[in-house]
Amino acid sequence: MLLVAAALSLYIGQRFDGFFILALLVLNVGMTLWHTRKADTALRALKAQLSVEAKVMRDGVWKKVPSRELVLGDVIECSVGALVTADACVDTAVNLEINEAVLTGESLPKEKHEGDTAYSGSVVVTGTFTGTVTATGNAAFFGKIASSGKEGKRKSSMERDILSISRFLIVVSLIAVAILTIIFVLDGQPLADILILDLSLLIAGIPVSLPTVMTLIISIGALAVAAEKALVRRLSSLEDFANVTLLLTDKTGTLTENKISVEHIQPYEPFSEDDVRAYASMAAEPGSTTIDYAIVAAGRAGAAPHQVLQTIPADSTRKRTTALIERDGIRYLVSIGTPPVIKSLCIPFDGLAETVHCDTEDAAKDGSRAIAVAIKKAPAGIEDEHGMSLVGMLVLADPLRADARETLRFLKREGVRAIMVTGDTKETAVHVAATLGLTGTIVRTKDLDLTNLPADIFATTAAFAEVSPEDKLALVTAAQKRYTVAATGDGVNDLPAVRKADVGIAVANAVDALKGTADIVLLDSGISVMQTALTEARKIFFRLYNYSVYRISESFRLIVTAFVLGLIIKGFPLTAVQIILLAFLNDIPIITLAFDRVKRADRPAELAPRERFTLGTLFGLVGVANSLIMYFLLADVFHLPLAIIQTAFFLKLTVSGHMLIYVAHTKERWWRFLPAKSIIWATSLTQLAATGLAVFGLFVTAIPLWLAAIVWLWAFFWMQVGELMKTIETKFDSGPRNKFRIGE
């Protein structure tokens, strides 16, 4: 629109106005690009830390390299939870199932065998494979689909609300301009002049700087969170996090340290502790999971020489790992897993069932996990798991994180209810919940109808136990009917729930596939970083809140004033150059709002569109009133020339508009909570610049110094009237109000 206004000015011979508008356009675009580049550079630095690595054979050894360095012919290896980073022909496969839902929409994983293709962007659900890379990047079969799905594009609730406000302002501006155009045409004014003034009014009334301000505000918050060891993949998720009222959090690696060790060994006759250690370590896969690592470490010394012939890894359905081994020339089948599953594979035994049950419960009461071990001599094959003999149990402990309890207390104070979601037994969940101070009942999901949950289930529950991946997704879906939900996860089975949540969070030890899906990725163990994330989220929310109030009032003031005066005097109180210069001077302090200090709520933030619209409209009405009164005083009382009035009007709009920032940015009295220093400097310099232009007659008709002083006093007086609008607004809002804390 600026280009059109400049072109029209040049066309009708107003060369100075035309070139001046072009100069302002270049400055405005340059300033916007500079700020946008700063934000983009910061975001690229954050995203670089989220780059996915691939395990590839190079120079005869396995290495981890950034996935972007893969080339055709590379041999890669992927295990459970790995994101396949290139199209690859499967060379070897062990119990391999791959989920291609993100690519094809099919929810069930597909079995893959030698010769099949593992597609880029898919996720290994069970088993492992090695494969030869056949295509990379966009050349991959599903490359474009996968790359487009890696970045979340959905906007936050606040973004959508502000954009709807912008659309409303645009519509109002267009209607006002259309009416004024008709009036001016009927009045016989030159069409070219009318078009230039119309374009200028649209430029001033439409929030051109909105994308830059929103990007800066969110980017600054993302950088603050990144400094505390968390990366934000979807920027707008920080705004959504400000509204979160329910957190469904994992236990392992989130509330616990994820440093599992074997705490106790319970053998069952005729086996010994060494037998339990040895057989368990033979079945465990070194480096596969923290549990396997702990089991291997505990049994390393007692394990006799053996050969693992075949393995079926554990998954959420089998809940056990089975290995076919050969030892001293004899084949054995060894299974390790949850006691109920392993017990179901064993030969019936008298008296031992109750002992196993009690040992399992005792471990659970201490917050520990029991892993049962069973063997079978000379099996027919790896699937011949029935009729096994129970060797014993390993009791594993994972200590709670020191900061977990305090973080949960913080979330509670901030109005966020936290519920633990774990696959562990109810007894374990009871112990952990009590230790962490989580209040409410402990519920097993298998005792619930997840399609028809009680209305108060999330308000009265401390933890859900024995949860499957399908259960977790159902819980998130059900909770979203009454809450804004954040969910944490670490495994590939958490993908559906994390993706479904309003804010999906991948913890530090999460698989690559989950990190590529989550909105926020934690780089440090535990959830203490959520304190920073929540603080920054609410600061972002209120910066955008304050910006929207200011933007509503400014656009309302300018559009309505121009419309009313246009109807009365059949003209504009400003020239086209003054309107565009006003818009440019406004953009400078508006952009600095991204750095403003704010007071954040200690409860989940609310969009409150009625409150913001009411407050913005009241501020706007004050601006309209003081503009109209001032115009008629200058024109009808002091009988000043139109050119002088226009310059005084330009100065008044600049000074009073920037004073409004002090009023609109806080719900307290403006003098009790001043804006950030950057905003004070920006508003002061632009106000002084506008005063200098008006007094010295640069680009405008000069006005006397006494008139400039009166304009400043006038603006300051009406600033106090605007301050009173906060009190009036509270009369419209009878609902409960948030308490505020300073967040600088």
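FYI, side chains are in, hydrogens and waters are out, and symmetry mates aren't considered; it's all heavy atoms of this structure. The model shown is predicted, which means the values in this text are computed figures rather than measured ones.
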**Complete:** Closest heavy-atom pair, W62 versus V75, reported as atoms and distance to 0.1 Å, is CZ3-O, 3.6 Å
**Request:** Name the orientation class of the two ring planes belonging to Y279 and F271 (parallel below 30°, tilted from 30 to 60°, perpendicular beyond 60°).
**Result:** perpendicular
**Asked** Are T128 and E77 close enough that a side-chain donor and a side-chain acceptor fall under 3.5 Å?
**Response** no
**Message:** Tell me if a side-chain donor or acceptor on S237 pairs with a main-chain N or O of D240 at a distance below 3.5 Å.
**Reply:** no
Scan the side chains in residues 369-378 for donor-acceptor partners under 3.5 Å anywhere in the protein, sequence neighbours excluded, and list what turns up.
from	atom 1	to	atom 2	distance (Å)
R369	NE	D424	OD1	3.2
R369	NH2	D424	OD1	2.8
K376	NZ	D384	OD1	2.8
K376	NZ	D384	OD2	2.9
K376	NZ	H386	O	2.9

**Asked** What closest approach, in Å, do M530 and T488 show between heavy atoms, and which atom pair accounts for it?
**Response** CE-CG2, 3.5 Å
**Request:** Write down the atom of K251, the atom of V432, and the distance for their closest heavy-atom approach.
**Result:** CD-CG2, 3.9 Å
**Prompt:** Where the side chain of D87 meets the backbone of Y119, is there a donor-acceptor pair that is under 3.5 Å apart?
**Reply:** no
**Asked** Among all residues two or more places apart in sequence or in another chain, which pass the ring-ring contact (aromatic ring centres under 6.0 Å, His included) test with F129?
**Response** none
**Message:** Do M57 and I76 make a side-chain contact, defined as non-hydrogen atoms from C-beta onward lying under 4.5 Å apart?
**Reply:** no
**Complete:** Heavy atoms of I265 and V262 approach each other most closely as CG1-CG1, 3.8 Å
**Message:** Any carboxylate oxygen within less than 4.0 angstrom of a Lys/Arg side-chain nitrogen, looking at D250 and K472?
**Reply:** yes
**Request:** Report yes if some heavy atom in the side chain of L333 is under 4.5 Å from a heavy atom in the side chain of I382; otherwise report no.
**Result:** yes
**Qualifying salt bridge (charged side-chain N to carboxylate O under 4.0 Å, His left out) pairs, either residue in residues 112-133, two or more places apart** = E100-K112
**Prompt:** So, do L96 and H113 sit near enough that their side-chain heavy atoms are less than 4.5 Å apart?
**Reply:** no
**Closest heavy-atom pair and its distance - V485, A479** = CG2-CB, 3.6 Å
**Message:** Whether the side chain of T445 engages the backbone of E466 through a donor-acceptor N/O pair (distance < 3.5 Å, no angle test) should be reported.
**Reply:** yes
**Message:** Under a 3.5 Å distance rule, please check whether Q480 uses its side chain to pair with a backbone N or O of K500 as donor and acceptor.
**Reply:** yes
**Asked** Would a distance-only check, ignoring hydrogens and angles, find a side-chain to backbone donor-acceptor pair under 3.5 Å from D502 to T484?
**Response** no
